[in-house]
Structures are given as structure tokens and as C-alpha cells.
Chemist: 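This is the structure I want to talk about, given as C-alpha cells.
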Amino acid sequence: MNSRIFHIASNTFREAVRDRVLYNLIAFALLLSGAAVFVGQISLEIEKLVVINLGLTAVSLFGVVIAIFIGIGLVSKEIEKRTLYTVLSRPVRRWEFIVGKFFGLAGTLVVNTFFMAIGVFAALFYVSHRFIRADALIFVALYFAVLEFIILCALALLFSSFSSPLLSAVFAFSLFVIGSFAEDLRSFAGMAHGFTRWLATGAAYLVPNFSAFNIVSSIAHEQPVAPQLILHNTLYAFFYAAMALSGAVLIFENRNLK
Amino acid sequence: MPAIEILGLEKSYKVGFWIKRPRRALHPLHLTVEDGEVFGFLGPNGAGKTTTLKLLMGLVFPSSGSARILGRQWTDPEVKAQIGFLPEQPYFYDHLTAHELLNYYAQLSGVSAKDRSRRVESTLQRVGLKDVRGVQLRKFSKGMLQRVGIAQAILHDPKLVFFDEPMSGLDPVGRREVRDLMEQLKHEGKTVFFSTHILSDAEALCDRVAIINKGELRGIGAIDDLTSSVQGKVEVIWHGAQVPVSMKALGAECHITGETVRAIIGEAQQDAAIDALRREHLRLIAITPVRTSLEAYFVEKLQHAESKARTAV
Ligand SMILES: Nc1ncnc2c1ncn2[C@@H]1O[C@H](COP(=O)(O)OP(=O)(O)OP(=O)(O)O)[C@@H](O)[C@H]1O
Ligand SMILES: [Mg+2]
């Protein structure tokens, strides 16, 4: 990685840390330990499921919120506050700035997810006192969550490069919700006719396919995850994020600063 | 090789809420700044000074025209390593301390790791922020931020610096210090291009100035040429409470203030005036050539342009 991108990324990470983004981990820890203690008093079989389900959902939700709400401000806030003036008057290319910001936020989310992962495993150990082989699936689920965040970061950056922070948040969040039902949208498109079919198919393939990233049901049934799915999701996430980032760069390259 | 060549840079902004109309912020501007010069860019509020600087920094894109900086195309990223820029009312990452910010900017400017900490420290010293190097910028006052702005502009030892209103927000001591700093930069052989509407600063510092109003260049020249005693008048001041008749005969316009009298006369009458005072046994205090101040020049230029605009209507 070129050194300017690295410095921009680490400054972004430092900013997130100093703005107390990682404090969400406290809320996460409270939620999870509360749940573990609470369901621990019910039945032994479902408590593990509840902890895993709740843990993974919380990881995803916290991450999505951070990705969107920091992502939309990454560039627009710098334009608004004019902190960019003294950055872009240095030998920093505009694309390097965007890419650096993206890696900074992605890095923040990886670190955040890492700590949450520790929390999930700790809670799991608390309720079941041992790990079994199928628990390795949780790693896959967490990995998929990170991929999801990476896509959302890139999308938030893309939206914020041409619209207001509020609208960007709305767009990004809508895409997250629609993307979570992408498979349903695809099957709907298969049943529709004429123009609707054309439109639904387009939309179904354009929105990020987050349903493929959701493996909670596999975990519940302790079914293995196909290695192809891991490979496919990885490539998909990187391709999707790269496209969104390229769009953001294209727009930003030609933009007049305030 | 000139430090800056502005070749017809022009900028129109689209304004209007629903119906966007282009509005010229800068008419095609042609300007050359020589290497090693301190160049003042003067104009009233809204004249287009900041717009010009933002165009040169590549922060906004021109509607037409181009520029060369240090002999290269102005958009060339290589150029940026050799220039420094202080924006108007600068604002910085407020989660960083002054020291961290400068360190970050030194990294972005490609200052080698070996030189970095030495340069950061000496720059902090130079702008008088040594004592607050570890304070987060969100706790800085306006004048302190201005100093950080100046620090980040000279941090990487650029050949050419652009300052947008460098004195704004500073107290009298701070202004003095920034003046001295700009003089030092000149001695180091740097080129300084700065915008201001404070004429005394320009008068004290600049080799040449350009005057811009409503996006158009109104005048350009060496300070001495613009302000020299073109009118050929002198001011005579003497001790006394009345004007001798022989002075009046010279056509002097006199002002009596307390114990002194000031009179403005043509250069040619200077000797006659001294004789007249001597005859009356009045004590001469001073004779000084009347310079058109930059201020007067400025006002004249602007009024001239306005009246021309009015007659054109
Ligand atoms: N982003 C913008 N959109 C529309 N008009 C703009 C924009 N920026 C500047 N202008 C217009 O361009 C003109 C020149 O503005 P500029 O900021 O260059 O003036 P200035 O000489 O720096 O003034 P000041 O001394 O007040 O800083 C003004 O009429 C201003 O309204
Ligand atoms: Mg200005």
C-alpha cells in the first residue's frame, strides 16, 4: 500500500478511536452478558442457540450502524469543515484520499468485530462450558459480517460523495435492508412478467446480495458451509466494494470543493 | 523561470436554488509572479482572491484557462510537494494535537522519517506553538489555529507558499511575528504569494501587488511604482499658529492643529516656502514628499472601475 494511503487510513482509525466509536463495545458486552445470564436460567439446548443468534445479530447490527454512520461522514464532513484543503494541497491524489479513508474505516470495523467476536465466544463458553467443532462456523459468520461491513462502507462513501449525509444514510440503510432480502427479490423477479420482471431482475442483481452472507440458519442446524460459498462471498464483496469505491472516486475527482 | 504563471484562469459558479445560472467569480486572469518575490494579492471582500487560490490549489476546477507553478502544469501532484498553502480561516482535524497534526502532514508531504521530528519541532517553535504542542486542536483559539495554519504551510520547507489572509485572526504581536516570518521566508529565497485586504501589510512586505475587484484584475505593479510621489507634492510642517501671507501666495492648502501648521505645496515651491518661513522666523519641523499611499491607489482604482461601469450602463 502506498504510504500516503496508509497514513490517511491510520489517521481515520485514530479519529474513530478518539471519537469513542469503540465505546459501542461496552453496550455490546452488556447486552451479551445480560442475555447469557438470563437465558442461562431457561433450557440448556436453546440457550446456546439464543446466545449465538443474538450475538451474531448484534455484531451485524452494531457494525452496520458504524459502517453507515461513519461512512457517510468520511468525506462530506471533511469537505464541510474544510479539513480537506490542507490535505489536498499536498502531494495527495484525490483517489488516495478516498481509498485511505475507506481502509481506515474498514480497519476500525475489523478491530471492532474482533473484540465483539471475543465477546461472543466468551458468552458461548459461559453457557455451554466447552466448544465443539461446529462452533467454527461462527468464525465464518463473523467473517461474512466483516465482508458485509466492507460493502456498506464503500456504499456509504459512494452516496456521501454526491448527496447530503442524511440522504446518504437513508440510501445506505435502505440498500442494507433490501440487500438482506436479495434472494427473495430474485425469486420474485423470476415470477414476474414483462417490464416488472426486467426491473425486478435489474434491482435484484444491483443491490448487494446480503442474504448470501447470512448463515445463521446453517449454524442453528450445525450444517457445514460450502467452501465455495466462502470463496464466492469473498470475491463478491471485494468486487462490489471496488465498484462502489471507483464510483466514489470518479465523482470526487471532478468535484469542486466548497 | 517564473514561480507562478496564471494563464487566463476563469471561474463561474452556478448559483440559484432551482434555476442555476452561472455567475463569474473570476474573469480570465493573467498574472506572473517571479521567483523569490513577495507578491500581494489585494482586493475587497468577494473580489475573487480566495477563488484564485483555490483554483491554483486544485480544490476547485476552472471554467477555462490554466496555470503553471514552478514550471509545471498546476495540477501535477509533484508540484504540491514544493508548495505550502494556508487557507482562509483554516480548520484542522480537531482530534489531533498540534504536534500530531504536523507530523501527519509531514508524512503526507513526503518528509523523510529521519527529518520529520526535527522539522515538526522547529516549525512549532517558529510559529510560537511549542508550549501547546500536546494540546488537542479542538481546544485552540482562532489565532492559535491561524498559527497552526501557517506552520503546516511552511512545514515541509516549500519553495513557494500561498497564504490566504495570513494576518487574519491574529493579535498585534501575532501580526508582527507573521510579518517577520514572511520577511525571513523572502530572505531564504522563497516565493510568497498572499492575499489580503489590509493595505499596510502589503505595503510593508510586498515587492509587487495586484489589485483585483469583482473578479477582474484592476492593476498590477511594484509597490514603489504604485505609491511613489507621482504627484510631486511635499508636505511642510512648521511650528506656529498662523499662516504667513507669503505661504498663502504659494497656493498652499494649510491645516492648523494646535501649535503646528501643515501645508501641502508643489515640489517646485519648496525653496520659496522655506525662505518664507525663515523670513517670518517660524521654526520648520519637517518636509516630506507626499506618497500616494497604496490605500489611495486602491480606492482610486476601485472608484475608477465603478464609475466606468456606471457610464457604461
Ligand atoms: N462555492 C461558491 N458558490 C458560488 N459562489 C461562490 C462560491 N465561492 C465563492 N463564490 C463567489 O465568488 C466571489 C469571490 O469570492 P472569494 O471568496 O474568492 O472572495 P475573496 O476575495 O476571497 O473575499 P474575502 O476577502 O471576503 O475573503 C464572491 O462573489 C462569492 O460570492
Ligand atoms: Mg477570501
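In what follows, every chain begins at residue 1, and chains take the letters A, B, ... in the order their sequences are listed. Both backbone and side-chain heavy atoms feed into the values below; hydrogens, waters and symmetry mates do not.
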Chemist: Fit a plane to each ring of Tyr236(A) and Phe213(A), take the angle between them on a 0 to 90° scale, and name the class: parallel (under 30°), tilted (30 to 60°) or perpendicular (over 60°).
Modeler: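 Tilted: the ring planes of Tyr236(A) and Phe213(A) meet at 30° to 60°.
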
Chemist: Given heavy-atom pairs under 4.5 angstrom as the criterion, report whether the side chain, backbone, both or neither of Tyr104(B) touches chain A.
Modeler: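 Just its side chain gets close to chain A.
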
Chemist: Considering only heavy atoms and a distance below 4.5 Å, find which of Leu56(B), Ile83(B), Leu59(B) pairs most often with chain A.
Modeler: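 The option with the most such pairs is Leu59(B).
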
Chemist: Looking at every heavy atom in both Gln146(B) and Glu165(B), which two are closest together, and how far apart are they?
Modeler: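 In this case the closest contact between Gln146(B) and Glu165(B) is NE2-O, 3.2 Å.
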
Chemist: Out of Gln82(B), Gln89(B), Gln152(B), return the one with the most heavy atom pairs under 4.5 angstrom to chain A.
Modeler: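 The answer is Gln152(B).
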
Chemist: Need one label for Asn254(A): side chain, backbone, both or neither, based on atoms under 4.5 Å from any heavy atom in chain B.
Modeler: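 Just its backbone gets close to chain B.
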
Chemist: Heavy-atom distance under 4.5 Å to chain A: side chain of Asp76(B), backbone, both or neither?
Modeler: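 For Asp76(B), no heavy atom lies under 4.5 Å from chain A.
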
Chemist: Let me know if Gln136(B) has heavy atoms under 4.5 Å from chain A in its side chain, its backbone, both or neither.
Modeler: side chain

Chemist: Assign the ring pair Phe92(B) / Tyr105(B) to parallel, tilted or perpendicular, where the plane angle (0 to 90°) is split at 30° and 60°.
Modeler: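 Ring orientation of Phe92(B) relative to Tyr105(B): perpendicular.
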
Chemist: Looking at Gln73(B) and Ser66(B), what are the two nearest heavy atoms and their distance?
Modeler: NE2-CB, 4.2 Å

Chemist: What closest approach, in Å, do Ala106(B) and Arg116(B) show between heavy atoms, and which atom pair accounts for it?
Modeler: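 That closest heavy-atom pairing would be CB-CG, 3.5 Å.
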
Chemist: Pick one of side chain, backbone, both or neither for Glu96(A), based on which atoms fall under 4.5 Å of a heavy atom in chain B.
Modeler: neither

Chemist: Given that the side chain runs from C-beta out, which part of Arg4(A) has a heavy atom under 4.5 Å from chain B: side chain, backbone, both or neither?
Modeler: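 Both parts, backbone and side chain.
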
Chemist: Tell me, for Arg93(A) versus chain B, whether the close heavy atoms (under 4.5 Å) come from the side chain, the backbone, both or neither.
Modeler: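 Just the side chain, heavy atoms under 4.5 Å.
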
Chemist: Find out whether the Lys NZ or Arg CZ of Lys11(B) is both under 6.0 angstrom from the six-membered ring centre of Tyr13(B) and within 45° of the ring's axis.
Modeler: yes

Chemist: Taking side chain as everything from C-beta outward and backbone as N, CA, C, O, which of these in Arg94(A) sits under 4.5 Å from a heavy atom of chain B? Side chain, backbone, both or neither.
Modeler: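 For Arg94(A), the contact with chain B is made by the side chain alone.
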
Chemist: Chain B: which of Val92(A), Asp19(A), Leu88(A), Ile8(A) shares the most heavy-atom pairs with it under 4.5 Å?
Modeler: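 Looking at each of Val92(A), Asp19(A), Leu88(A), Ile8(A) in turn, Ile8(A) comes out on top.
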
Chemist: Is it true that Glu177(B) and Arg147(B) make a salt bridge, defined as a side-chain N closer than 4.0 Å to a carboxylate O?
Modeler: yes

Chemist: What I'd like to find out is whether the side chain of Val99(A) reaches to under 4.5 Å of the side chain of Trp95(A), using heavy atoms alone.
Modeler: yes

Chemist: Under a 4.5 Å heavy-atom cut-off, does chain A meet the side chain of Leu86(B), its backbone, both or neither?
Modeler: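 Neither; nothing under 4.5 Å.
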
